[in-house]
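Here's the structure we're looking at; comments come further down.
All figures in this text were calculated on a predicted structure; none of them were measured in a lab. Remember, it's 1-based here, ligands and their atoms both numbered in the order they're listed.
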Amino acid sequence: MNIFVLTGAGVSAESGLGTFRDKTGLWTRFDPMKLATPGAFALNPDEVHTFYNLRRRNLLEASPNPAHVALARLEAELGKRKSRLFLVTQNIDDLHERAGSQCVTHMHGELLKARCTACDAVGSYIDDLGVDDRCPHCGQPGSLRPHVVWFGEYPLHMATIDEALQNTDLFVSIGTSGSVYPAAGFVKQAKDQGIRTCEINLEPSDNAALFDEAYYGPASQAVADWVEKIIEVVTPAR
Ligand code: APR
């Protein structure tokens, strides 16, 4: 059984990393059009860097929670059974990897990486970024930006994601509001291909009607319970 899992900010909420659209979400406190668009970066790079530097420092102090750990375990268990977990995340944090996941596709980029707008080189970057920093690859000053996908930009790895969606037996969405495309469209794509769909979230998402089954509650518990169940399903009876 191949399983496609899409995660969003809700899977990292209990690690202390804010979501975007909940009552205290980032976009209820900050204007995304002033902080998360290429235009905003061109207009006011200092302000954009300050915002992402704060998030990067928070991330470096955060730890994976039981939901991340359970998904890493599922990856390993499916691997033992010649099955595959394809884990796509909208999150720019590295908590899946820190929990032990070996293969994580970051469709919205990674906060602990910087990209050069002059030579396109991408490299890991855990310190604060600023307008005076030089690209370690081409030496251009002021050309580094967070390696994240901003509003109006095309997500990463879409061809790989499409291929995985065509080769999956179960589509699962965890901790996402289902309000941002193209990720929010994956469930319909799966359903149109006759693939079973499952949602795990604190509350029904915008696409709740498209899911065949759903588990509502904090991810740290709901994902761990679901993984237990799935491992039982894929484990042949003795
Ligand atoms: N456990 C499970 N789900 C949770 C938890 C939790 N502890 N806390 C919150 N949630 C759910 C909320 O109910 C909500 O449906 O997680 C979802 C978070 O939704 P958003 O804040 O909209 O985040 P996300 O769906 O990941 O946003 C998508 O939008 O801002 C852009 O690029 C950014 O990747 C992001 C994209």
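Shown in contact with Pro218 at under 4.0 Å from a heavy atom are these atoms of ligand 1, numbered in order with element: 1 (N). Interface atoms of ligand 1 facing Gly8, defined by a heavy-atom separation under 4.0 Å, are 26 (O). Proximity to Gly217 (heavy-atom distance under 4.0 Å) selects the following atoms of ligand 1: 1 (N), 2 (C).
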Inset, instruction - Begin with the C-alpha distance, continue with both residues' side-chain angles, and end with the deciding distance and a verdict on side chain to side chain contact (heavy atoms under 4.5 Å, CB included) for Leu17 and Leu95. - result: CA-CA 10 Å; Leu17 300 184; Leu95 298 181; 3.7 Å; yes

Inset, instruction - Starting from the C-alpha separation in whole Å, work towards a yes-or-no answer on side chain to side chain contact (heavy atoms under 4.5 Å, CB included) for Ile126 and Leu59. - result: CA-CA 10 Å; Ile126 62 167; Leu59 172 56; over 6 Å; no

Inset, instruction - Evaluate the side chain to side chain contact (heavy atoms under 4.5 Å, CB included) criterion for residues Glu110 and Val104: first the C-alpha distance (whole Å), next the side-chain angles of each, then the deciding distance (0.1 Å), finally the verdict. - result: CA-CA 11 Å; Glu110 299 172 69; Val104 184; over 6 Å; no

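Checked against the 6.0 Å centroid threshold, His49 and Phe41 count as a close aromatic pair.
Between Phe4 and Phe186, the ring-plane angle classifies as perpendicular under the 30° and 60° cut-offs. Between His96 and His68, the angle of the ring planes goes over 60°, which puts this pair in the perpendicular group of the 30/60° scheme.
Shortest contact from atom 36 (C) of ligand 1 to any protein heavy atom: Val180 CG2, 3.8 Å. Atom 6 (C) of ligand 1 has as its closest protein heavy atom Gly10 O, 3.4 Å. Closest to atom 13 (O) of ligand 1 among all protein heavy atoms lies Glu203 OE2, 2.9 Å. The nearest protein atom to atom 24 (P) of ligand 1, hydrogens excluded, is given as Thr176 OG1, 3.7 Å; this is a heavy-atom distance. At the shortest separation from atom 18 (C) of ligand 1 among protein heavy atoms lies Gly175 O, 3.8 Å. Residue, atom and distance of the protein heavy atom nearest to atom 15 (O) of ligand 1 are Asn201 ND2, 2.9 Å. Shortest contact from atom 30 (O) of ligand 1 to any protein heavy atom: Trp27 NE1, 2.7 Å. In this structure, the protein non-hydrogen atom closest to atom 3 (N) of ligand 1 is Leu202 N, 3.1 Å.
Residue-environment remark: CD (Glu163) stays at or below the threshold of 12 foreign heavy atoms within 6.0 Å.
At a cut-off of 3.5 Å, with distance as the only test, a side-chain donor of Gln221 or Asp225 sits close to an acceptor on the other residue. A donor-acceptor contact closer than 3.5 angstrom is absent between the side chains of Ser173 and Glu199. Counted by atom type alone, Asp212 and Thr197 present one or more donor-acceptor pairs between their side chains at under 3.5 Å.
Heavy-atom proximity to atom 20 (P) of ligand 1, evaluated over Pro155, Ser177, Ala219, is greatest for Ser177. The heavy atom nearest to atom 32 (O) of ligand 1, considering only His106, Gln90, His108, is found in His108. Across Glu14, Arg21, Met107, heavy-atom proximity to atom 27 (O) of ligand 1 is greatest for Arg21.
An N or O contact shorter than 3.5 Å is missing between Phe151 and ligand 1 by distance.
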